[in-house]
Every structure is written in C-alpha cells, then in structure tokens.
Amino acid sequence: MAIIDNIVVHHVMTKILASFRMLLAGALACIAFGAHAQLSIEITGAGASRFPVIIPVFENESSLPRGISDVVRADLERSGLFSLVDIGPLPLPESRVPDLAAMRGRGADAVLSASLLPQSDGRYEVRFRLFDTQKQVELGAMSLRMAPAQNRLTGHRIADFVYEKLTGLPGYFATRIAYVVKSGARYELQIADADGMNAQAALVSREPIISPAWSPNGQRLAYVSFEAKKPIIYIHTLATGQRQVVANFKGSNSAPTWSPDGGQLAVVLTKDGQSQLYVLNADGSGVHRLASSAGIDTEPAWSPDGQWIYFTSDRGGSPQIYRIPASGGNAQRVTFEGSYNVTPRPSADGKLLAFITRSNGKFQVAVNDLASRQTTILTDSARDESPSFAPNGRMILYATETGGRGVLAAVSSDGRVKQRLSVQAADVREPAWGPLQR
Amino acid sequence: MKKLLLPALLSALLAACSSTGTDATGAKVEDRTGAGAGVATVTTPGMSGSGIAALTDPNNILSKRSVYFDYDSFVIKSEGKALIEAHARFLVQNPQMKVLLQGNTDERGSREYNLALGQKRADAVRQALSLLGAKESQIESVSLGEEKPRCTDASEACYAQNRRGDILYSGEF
C-alpha cells in the first residue's frame with residue numbers, strides 16, 4: 001500500500017532549482033575499475049515534499065568490514081523521495097518495537113528496525129522491520145542472508161523493500177546499468193550497480209561501442225561494436241565474457257533491441273539498401289524484414305506486452321516516432337509536435353514513452369503518456385541522448401553533456417527529481433538501465 | 001592476403017601522414033620519399049604494385065580519400081567529383097581491389113539516427129562509383145555515424161569536416 005500520495009506520476013513539469021547539492025558517493029567505499037572509472041552521483045533536484053524516514057545503524061553492524069545502513073540511506077536519499085532523520089549511532093534492534101511516538105516526535109513518518117545475526121558459517125542473517133509512526137503499525141518485515149562482502153547488494157535490497165512499502169512501486173536500487181566510457185582512444189563498455197558503484201568493464205576496445213541493450217533476464221547485453229571498422233551486432237554474456245556475432249551482413253548492422261521474452265532481436269540492417277527494420281532470433285538465425293519504407297527506419301523498441309515495435313523514421317520528411325505491430329503491418333505515427341523526435345523507449349508498464357525531442361535547437365528528454373498522448377519535456381539541457389527507464393518507470397537515465405564532456409543523468413518521469421552521474425576525466429555515454437534482478 | 005598487406009600499407013600510410021614532421025634521428029621524413037610507399041606491398045601476390053603506390057602517393061589524387069557533404073545533405077559536392085572518378089577508374093582497372101566506404105556525420109542528434117544518415121552518405125559514394133563502372137562486389141558501404149569525428153570542436157567548420165565519406169581499400173580495414 002502506498003502511503004506517499006504526492007509522488008503519483010502526474011505530468012506537471014516542476015522545475016526544482018538546484019537548491020541543495022549533495023555529494024553522496026565520496027564517502028562510500030568503492031571498487032574502481034581503471035583510473036577514472038568510478039561514477040559519482042550528484043543530486044541536482046528533488047521532489048517538492050520528501051518523506052521523512054529513520055534508517056538507524058543496524059544492531060551488530062560494526063562487526064561487518066563495511067557498512068550496510070549507509071548503503072540503504074544513500075539509495076533512499078538519492079531517489080529524491082525521502083529525507084533521512086538522523087538519530088545518531090544508536091541501533092534500533094529488530095527484536096523490539098521502537099518507541100514510535102518518540103520517533104514521530106523527531107519528525108519521522110516511518111522507521112526501520114534492523115539487526116545482523118552472525119551465523120556459524122561466517123555469514124549473517126539480516127532481519128528488519130518497517131513501521132509507520134503515524135498509524136503506529138508495522139508495514140512489513142523481512143530477513144536476508146548475506147556474506148560480509150555482500151553488504152552493498154543487501155543494502156540495495158533493503159532499500160528496495162523500504163521504497164516499495166512506502167511508495168507502492170517496486171524499488172530499483174538492486175539493479176545494474178550499462179554505459180560506455182571513452183577516454184582518449186579507449187572505449188569501455190562498463191557495467192555498474194545502479195548507484196554507480198562496482199563498475200566493471202565488460203568490453204575494452206580501440207573502436208567505438210554503441211547501443212547496449214539488456215536481455216530481459218539481465219544476463220546478456222546486445223550492442224554495436226566498430227572493432228571491425230564497420231558496425232556489427234554482438235551478444236555478450238556478462239558472467240562468462242562470451243561474445244557472439246548475431247548480425248554481420250553487408251553494410252551496417254545496428255540498433256539491437258530484445259523482444260520481451262528474450263528470444264528475438266529487432267535490429268537495423270542496410271543489406272537491402274537504406275537503414276530498415278529486421279527481426280532475427282537471438283542466435284542470429286531466421287532474419288526477416290519487419291517493415292519497408294522509402295526512408296530511414298531505426299531505433300526499434302518492443303512494447304513490454306510484445307505487441308508493438310516503436311521506432312524512428314523519416315518517412316514523413318522529418319524524424320518522428322512510429323509504431324508497427326511486432327508481427328508486421330501498417331505503421332502508425334506516434335509523435336506529431338516538432339521536427340525531430342527520436343529514440344523511443346517505453347516504460348515497463350507500457351504506459352509511458354520516453355524519447356528525445358528537439359525544441360528550440362536543444363535536444364531534450366521528453367515523455368509521452370500513451371493514453372492521453374500528452375508530451376512533457378523533462379529536462380532543460382541541450383544535448384540529451386539515449387533515454388532508458390528504470391524498471392519501475394519512475395526514473396529515466398540518459399546521456400547529456402556538461403562542460404563539453406559526456407555525463408550520465410537521471411530524471412524522474414514527473415521531471416521533479418534530477419541526478420547527475422559522471423566519471424572524472426572521461427566521456428560517458430550510451431546508458432542502458434538493466435532489468436530487476438530475479 | 002590481407003594479413004600480408006596490412007603492415008606494409010600501415011607503414012606506408014604512417015609515412016604519408018607524418019610527412020611534415022621529423023623522425024627520431026632528426027632527418028626530415030619527406031626526404032625518404034618512396035621508402036614508405038614501396039615497403040613490401042609490391043611483393044603481395046595478386047596485387048598491382050603501381051596501383052598500391054598510387055593509392056598512397058600524395059601527388060596522386062587516389063591518395064585523397066574523403067568526399068564532403070553539406071548539412072543534412074547526401075549529394076556529393078562538385079569538388080568531390082574528380083576524386084570519385086579517379087577511384088572508379090582505379091576500381092575498374094583493378095577488379096581484384098575492394099573498397100569499404102564509411103559514411104560519417106556531425107555529432108548533433110541521436111547516435112543511431114546519425115548512423116542511418118552516415119549510411120546515406122556512404123551509399124551516395126557507392127552509387128557514384130557504381131555508375132562509373134565499379135562492380136557492386138567490389139564495394140561495401142557502411143556507416144560510422146558520429147562515432148569517428150575528424151574534428152571535435154563544436155563549431156560549424158568542424159562539423160563540416162565530419163560530414164564526409166571515406167574510401168578505404170583492401171588491407172586498410
């Protein structure tokens with residue numbers, strides 16, 4: 001049950017001045033890949049009213065090599081939906097109901113109690129409960145087992161639990177993101193946790209890498225690599241590093257996107273002329289043409305129900321977004337305002353479509369409510385690209401430019417919460433938010 | 001064949017590229033005219049030695065490999081025509097040679113849409129070569145989109161250098 005009503009997605013653009021800026025990542029331990037690979041996240045705008053919660057130090061937390069409650073706090077704070085009420089270093093053990101009236105007196109509307117129970121095998125059981133201080137009721141309880149080194153993942157899962165209990169939407173903290181870092185002539189396809197930590201390179205190349213796309217199970221990425229001096233589509237299994245060429249036809253091969261069941265890819269090929277849409281099996285077999293147009297068709301994206309494929313086409317004279325039945329048929333135009341609307345990306349519930357629109361010469365992230373067909377521009381930057389929804393549809397990750405350098409940024413789908421993720425001294429681009437881990 | 005040719009061509013290209021500089025001993029690189037271009041390439045089976053030298057000789061139009069386009073345009077400009085004609089003639093006379101045509105765009109807008117626009121530029125070059133007698137089997141047209149800019153400033157002069165089609169011969173890709 002959602003007890004925060006004011007975050008229901010409604011398409012009112014509220015500009016939040018960067019009235020507060022908080023550098024979250026600096027104090028956190030990190031496993032850096034390479035010299036400058038660590039993403040740091042800066043909050044540049046937050047929800048107008050944030051929900052006050054207490055996330056205390058966990059009972060026995062000092063026995064862990066690295067903390068866990070700070071991971072939970074950083075996740076919740078970064079979402080822009082919560083403010084943290086500090087009660088100092090005293091834990092609130094999970095075995096006792098906290099003094100909810102006193103916690104309410106400190107300004108908190110919800111409070112977590114949490115304990116770590118060391119197990120004989122060196123692991124820990126993490127037990128936690130969430131309470132509503134106004135209604136004086138327990139909202140839920142959970143127990144997780146973890147090795148001491150799994151403090152971050154476990155913290156993300158606890159933050160997901162708190163987020164879901166308080167907003168009614170699934171959390172997205174225990175997810176991963178993919179992006180490309182360019183430093184000099186070196187390109188790295190990196191995978192990091194959604195908070196930018198634990199960045200690891202899946203691919204290092206002297207040639208560009210673009211358009212990473214997560215398989216629905218989160219285990220593989222499809223992408224375009226130019227390592228052979230031309231764009232070729234690969235599928236890369238992250239755990240093993242195994243790579244497979246899935247499309248290397250004469251001409252260019254690009255813009256891979258997975259079907260919701262993970263069995264097929266929609267791609268763009270030029271083997272028969274201009275850039276056109278094709279569908280093939282995830283092993284590269286069974287290629288067939290999806291649509292034919294006299295112009296450019298590119299950037300396909302499946303609707304989550306598998307019924308439609310959204311794409312960019314200039315068949316009407318300027319690049320606009322269209323959709324076509326995934327089984328083929330007639331295309332319908334989706335965007336009508338402006339002369340440049342590209343990169344359609346539907347939310348997981350199929351209700352919203354994020355895309356890039358050019359408005360007064362600026363390329364900006366916009367979102368279209370597919371039911372009401374109303375479009376809202378969410379950013380005020382000028383060089384936005386590659387929007388990608390968090391699995392719960394609340395946040396949109398995208399690439400933009402600050403000071404001539406590529407950075408990643410995220411904006412909530414109501415435009416209120418804004419974050420920037422950057423890597424020092426490198427260009428970051430082509431982000432893709434991965435699915436919920438099962 | 002490719003493997004044999006590649007190092008030779010690379011050194012030839014490097015020699016051509018660095019002709020304004022000096023080498024480690026302080027001697028002017030341009031004094032070594034022909035040394036780079038002649039390296040090993042003539043020994044490659046099936047290749048016409050004079051043909052390869054022509055491709056890298058700075059005085060030969062065949063060493064020029066880029067044609068430029070106007071903003072949002074896919075029409076080869078008149079100043080590119082002589083270059084296209086020379087390469088078409090070379091391909092007709094050397095039917096064993098193949099080319100990779102790489103289309104490029106400036107950096108504004110979506111990477112994938114720009115990839116599609118770059119393909120239109122590569123295709124314009126392909127069609128021109130084809131009309132002038134080169135065989136389709138000799139030509140592959142691909143796009144690098146905005147990914148390999150020759151110039152990285154955010155200025156019109158720079159964008160103009162990036163709106164181009166490049167011609168690469170066997171062994172160069």
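Residue numbers start from 1 in every chain, and the chains themselves are labelled A, B, ... in the order their sequence lines are given, proteins ahead of strands.
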Check B:S137 against A:K250 and note the closest heavy-atom contact, atom names and distance. CA-NZ, 4.4 Å

Can you pull out the residues in residues 67-74 of chain B with any heavy atom less than 4.5 Å from chain A? B:Y71

For the interface with chain B, which of A:P208, A:S386, A:A228 has the highest count of heavy-atom pairs at distances below 4.5 Å? A:P208

Greater than 12 external heavy atoms within 6.0 Å of A:E337's CD: no

Note, A:K230 side chain near B:E140 side chain (heavy atom, < 4.5 Å): yes

I need the residue from A:T343, A:T298, A:D384, A:I356 with the largest number of non-hydrogen atom pairs under 4.5 Å to chain B. A:T298

If you measure from the Lys or Arg side-chain nitrogens to the Asp or Glu carboxylate oxygens, is any gap between B:E172 and A:K229 under 4.0 Å? no

Those residues of residues 107-120 of chain B that come under 4.5 Å of chain A on a heavy-atom basis, listed by number, are B:E107, B:R108, B:G109, B:S110, B:R111, B:E112, B:Y113, B:L115, B:A116, B:L117, B:Q119, B:K120

Considering only heavy atoms, which portion of B:E146 lies under 4.5 Å from any heavy atom of chain A: side chain, backbone, both, or neither? side chain

When you look at NZ of B:K98, are more than 12 heavy atoms from neighbouring residues, nucleotides or ligands closer to it than 6.0 Å? no

I would like to know whether B:E147 and A:E207 meet side-chain contact (heavy atoms from CB on, under 4.5 Å); could you show each step before the answer? CA-CA 9 Å; B:E147 305 307 323; A:E207 297 294 339; over 6 Å; no

Does any backbone or side-chain atom of A:F249 lie under 4.5 Å from a heavy atom of chain B? Answer side chain, backbone, both or neither. backbone

Relative to chain A, which segment of B:L144 carries a heavy atom at a distance below 4.5 Å: side chain, backbone, both, or neither? both

What residue, out of B:G145, B:S143, B:S141, has the most heavy-atom pairs lying under 4.5 Å from chain A? B:S143

Winner by heavy-atom pair count (cut-off under 4.5 Å) against chain B, out of A:V224, A:V268, A:D314: A:D314

